[in-house]
Amino acid sequence: MICDLSNRDKDSYVEGTIVRSQDENLSLQLNQPNTDLDRAVLFATAGFWEDALRTLANLRRQRPNDPEVQKYWEDLLNSVDIKEVVSKPLLPCCTAQK
């Protein structure tokens, strides 16, 4: 992410590896009628943190004033000890600059 075009030393980036995992129990639970919040909890409980994060981030964009969504967001981020971003606003989705 380019944070300051005039000072590229402030750029942020992340490196990692994606490993495809399957959990048949989770697949069965996700095939049941669930709310998005239920799905986020299922993902988090099964250890699919990135999916839980994505689901909750989407919910925060859709329902920014929903205290239940905010509580689950805080709980998820606190569970991985990144409390400093709990109250930060989310960037709009999919707005890349060239």
Side-chain angles (χ1 to χ4, degrees):
M1 176 172 31
I2 300 171
C3 298
D4 183 347
L5 286 173
S6 62
N7 183 357
R8 299 299 304 271
D9 290 336
K10 294 183 179 181
D11 289 359
S12 294
Y13 67 93
V14 174
E15 293 182 29
T17 303
I18 297 173
V19 177
R20 185 173 178 90
S21 298
Q22 290 187 332
D23 180 325
E24 292 197 23
N25 185 40
L26 177 62
S27 295
L28 290 172
Q29 291 176 327
L30 290 172
N31 284 329
Q32 303 299 316
N34 294 301
T35 66
D36 286 339
L37 203 51
D38 292 335
R39 294 173 67 81
V41 171
L42 287 170
F43 284 135
T45 303
F48 290 91
W49 191 83
E50 296 85 358
D51 294 302
L53 182 69
R54 177 184 39 80
T55 303
L56 285 171
N58 287 337
L59 281 171
R60 279 194 69 211
R61 285 186 189 97
Q62 294 166 13
R63 301 175 357 207
N65 299 317
D66 186 325
E68 188 176 25
V69 171
Q70 182 63 30
K71 167 114 177 63
Y72 280 98
W73 177 256
E74 289 174 12
D75 289 348
L76 181 67
L77 294 180
N78 287 333
S79 75
V80 292
D81 202 27
I82 51 175
K83 299 171 181 126
E84 62 274 3
V85 298
V86 165
S87 61
K88 301 291 184 192
L90 294 175
L91 294 173
C93 182
C94 309
T95 55
Q97 292 182 345
K98 291 185 180 184

From NZ (K71) to CD (E74), nearest 0.5 Å: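 Rounded to the nearest 0.5 Å, the NZ-CD separation comes out at 7.5 Å.
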Gap between atom NZ of K88 and atom CD1 of I82 - 0.5 Å precision: 13.0 Å
Minimum-distance pair of heavy atoms, taken over all atoms of V69 and L56: CG1-O, 4.4 Å
Side-chain (W73) to main-chain (A57) donor-acceptor, under 3.5 angstrom: no
Counterpart residues, side chain to side chain donor-acceptor pair (under 3.5 Å), relative to K83 (two or more places apart): D81
Contacts under 3.5 angstrom, residues 34-44 side chains, donor-acceptor by atom type, not counting sequence neighbours:
residue, atom, partner, partner atom, Å
N34, ND2, Q29, O, 2.7
N34, ND2, Q32, O, 2.9
T35, OG1, L37, N, 3.4
T35, OG1, D38, N, 3.0
T35, OG1, D38, OD2, 3.1
D38, OD2, T35, N, 3.3
R39, NH1, L30, O, 3.3

Shared hydrophobic cluster for L28 and L26 (ILVMFWY, side-chain gaps under 4.5 Å):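 No.
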Please list, one pair per line, the donor and acceptor atoms closer than 3.5 Å that link side chains of residues 46-55 to other protein atoms, with sequence neighbours excluded.
residue, atom, partner, partner atom, Å
D51, OD1, R54, NH2, 2.9
T55, OG1, D51, O, 2.8

Q70 and V86: CA distance, side-chain angles, deciding distance, side-chain contact (heavy atoms from CB on, under 4.5 Å) verdict: CA-CA 9 Å; Q70 182 63 30; V86 165; 4.1 Å; yes
